[in-house]
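Side chains are part of it too, since the values below use all heavy atoms of this structure and drop only hydrogens, waters and symmetry mates.
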Amino acid sequence: MNWDGAVNSDGSVTWDGAVNAWHVAGSVYRMGRREWLTETGWQQAYDGGIRTVIDLRNPDEIRRRDTDPRVGEATLAAFDVVHAPTEDPGNAEFRALCVPYLNNPASYPDNARIFPGKLAAVFRAVAAAPGGVVIHCSAGRDRSGMIAAMLQDLAGAGEDAIALSYARAMRGINEHHRLSATPHPHERYLPEEILAPLIEARQESLLRFVRQLKTAEFLGHNGVTVPELTAIRGKLGH
């Protein structure tokens with residue numbers, strides 16, 4: 001199976017319409033909301049081996065927008081879509097800590113502390129998924145970034161690679177904000193002199209999260225079995 005046919009040398013993925021789409025490792029990918037993909041983009045993902053989509057969004061975020069491309073039901077039926085939100089937005093403690101939403105790796109430890117079972121459920125979905133997997137949230141930056149960092153940790157990626165992946169995702173969605181005709185309700189395009197120090201600070205928070213979490217131990221403590229961890233590492237090419 002050719003997993004890398006649509007992957008550039010920098011890890012970016014070229015499925016038509018995909019926003020902030022990146023290769024994580026092996027047969028696992030990440031991106032922004034799936035509704036941005038065109039019919040052609042879905043076919044490219046299928047041709048690349050993707051069979052499972054894991055949606056990290058909350059139920060009230062999942063909807064088609066007028067500006068989204070139309071995709072045939074037969075095309076979408078070729079994929080298993082698993083809804084595995086990483087949070088409960090109704091949780092008062094979480095709402096107080098993550099304002100207006102999870103948008104900084106400094107909040108990842110709280111997400112893991114408050115919702116360990118939800119994070120474990122994402123990884124069980126990866127383990128059970130047939131074929132290649134693409135994980136997505138809304139922007140493809142923080143919920144996807146949290147899960148991607150944990151996946152990279154399981155795959156044995158070094159800290160430089162984990163930090164670089166987050167920087168690329170920050171830059172990817174920032175570029176989308178520059179080009180998008182639909183303004184985001186909370187975010188705007190940031191020029192480099194503002195973006196660069198923000199990336200550096202968030203990378204430091206991300207690496208502290210990964211060091212402290214110890215992904216394999218965390219998942220094991222929260223119900224992910226040894227065979228499931230083995231299956232996940234297999235999807236990551238390890």
Side-chain angles (χ1 to χ4, degrees), residues 11 19-20 22 24-25 28 30-33 54-58 61 84-123 135-178 184-219 221-222 224:
V19 173
N20 212 10
W22 302 91
V24 176
V28 181
R30 60 184 286 193
M31 66 180 183
R33 55 193 295 276
I54 299 177
D55 188 341
L56 306 178
R57 296 175 297 177
N58 300 307
E61 297 177 80
T86 57
E87 64 193 39
D88 174 4
N91 182 282
E93 182 183 10
F94 184 75
R95 288 203 314 271
L97 291 169
C98 300
V99 180
Y101 42 75
L102 184 73
N103 63 358
N104 191 323
S107 297
Y108 293 3
D110 288 315
N111 197 137
R113 174 180 58 82
I114 299 170
F115 306 116
K118 289 186 178 296
L119 297 193
V122 175
F123 285 82
I135 294 164
H136 79 89
C137 52
S138 181
R141 183 187 61 204
D142 282 294
R143 284 171 289 187
S144 297
M146 177 172 59
I147 299 301
M150 295 170 69
L151 287 164
Q152 288 179 289
D153 187 34
L154 284 178
E159 291 191 351
D160 288 348
I162 294 172
L164 178 60
S165 292
Y166 188 80
R168 286 172 169 167
M170 276 197 72
R171 292 187 180 281
I173 198 62
N174 189 58
E175 181 65 8
H176 174 72
H177 292 325
R178 184 179 73 84
H184 190 278
H186 299 285
E187 301 186 18
R188 296 293 181 268
Y189 171 76
L190 299 177
E192 183 63 19
E193 63 269 21
I194 296 175
L195 182 65
L198 193 61
I199 288 175
E200 184 175 357
R202 292 186 179 184
Q203 285 175 316
E204 291 174 2
S205 295
L206 175 70
L207 294 179
R208 279 197 301 273
F209 165 72
V210 172
R211 291 180 199 128
Q212 294 168 3
L213 187 73
K214 299 180 176 62
T215 303
E217 292 182 19
F218 170 83
L219 295 175
H221 288 320
N222 289 285
V224 179

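- In this structure, the separation between CG on L151 and CZ on F123 is 4.0 Å, given to the nearest 0.5 Å.
- With D110 contributing its side chain and L97 its backbone, the two residues share no donor-acceptor pair below 3.5 Å.
- Note that CE of M31 and OG of S138 are 11.5 Å apart. Values are rounded to the nearest 0.5 Å.
- Considering every non-hydrogen atom in both I199 and A167, the closest pair reads CG2-CB, 3.7 Å.
- Tested against L119 for a side-chain contact (heavy atoms from CB on, under 4.5 Å), the candidates N222, I147, I114 yield a single pass: I147.
- A donor-acceptor pair under 3.5 Å is absent between the side-chain atoms of R178 and the main chain of N174, judged by distance alone.
- F209 has its side chain within reach of M146: a pair of non-hydrogen atoms, C-beta onward, lies under 4.5 Å apart.
- If you take CG on L198 and CD on E193, they are separated by 12.5 Å, rounding to the nearest 0.5 Å.
- W22 CH2 to R30 CZ: the interatomic distance, rounded to the nearest 0.5 Å, is 9.0 Å.
- V210 has its side chain out of reach of M150: every pair of non-hydrogen atoms, C-beta onward, lies at least 4.5 Å apart.
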Item to check | Stepwise side chain to side chain contact (heavy atoms under 4.5 Å, CB included) test for D88 and F94 | outcome: CA-CA 8 Å; D88 174 4; F94 184 75; over 6 Å; no

Point to revise | Derivation and outcome, salt bridge (charged side-chain N to carboxylate O under 4.0 Å, His left out), residues E192 and R171 | key: CA-CA 9 Å; E192 183 63 19; R171 292 187 180 281; 2.7 Å; yes

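- With respect to E87 and R95, no salt bridge is recorded, no charged nitrogen being found less than 4.0 Å from a carboxylate O.
- To the nearest 0.5 Å, atoms NE2 (H184) and CD (E187) are separated by 4.5 Å.
- Here the closest heavy-atom approach between residue Y166 and residue P105 is recorded as OH-CD, 3.4 Å.
- The shortest distance between side-chain heavy atoms of Y108 and L213 does not fall below 4.5 Å.
- The backbone N or O of G32 sits nowhere less than 3.5 Å from a side-chain atom of R141 that would complete a donor-acceptor pair.
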- Item | Pair C137-R33, side chain to side chain contact (heavy atoms under 4.5 Å, CB included): steps then yes or no | CA-CA 6 Å; C137 52; R33 55 193 295 276; over 6 Å; no

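- The minimum heavy-atom distance linking A84 with I54 is given by the pair CB-CG2, 4.1 Å.
- In this structure, T215 contributes its side chain and L154 its backbone to no donor-acceptor pair below 3.5 Å.
- Look at R113 and E93 and you find a salt bridge, because one of the NZ, NE, NH1 or NH2 atoms lies within 4.0 Å of a carboxylate O, short of that distance.
- Looking at every heavy atom in both residues, V99 comes nearest to N103 through O-ND2, 4.2 Å.
- Residues I162 and A149 approach most closely at CG2-CB, 3.9 Å, considering heavy atoms.
- Summarising the geometry of N20 relative to G140, their closest heavy-atom pair is ND2-O, 3.4 Å, with the distance given to 0.1 Å.
- A donor-acceptor pair under 3.5 Å is formed between the side chain of Q203 and the backbone N or O of A163.
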query: Can L56 and H136 be said to form a side chain to side chain contact (heavy atoms under 4.5 Å, CB included), step by step?
result: CA-CA 6 Å; L56 306 178; H136 79 89; over 6 Å; no

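- Listed by chain and number, the residues in a salt bridge (Lys or Arg N to Asp or Glu O under 4.0 Å) with E61 are R143 (sequence neighbours excluded).
- Atom SG of C98 sits about 6.5 Å away from atom CG of N111, to the nearest 0.5 Å.
- Counting only N and O atoms by type, the side chains of S205 and R202 include no donor and acceptor under 3.5 Å apart.
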Working for side-chain hydrogen bond (donor to acceptor under 3.5 Å, both in side chains), residues D142 and Y101: CA-CA 10 Å; D142 282 294; Y101 42 75; over 6 Å; no

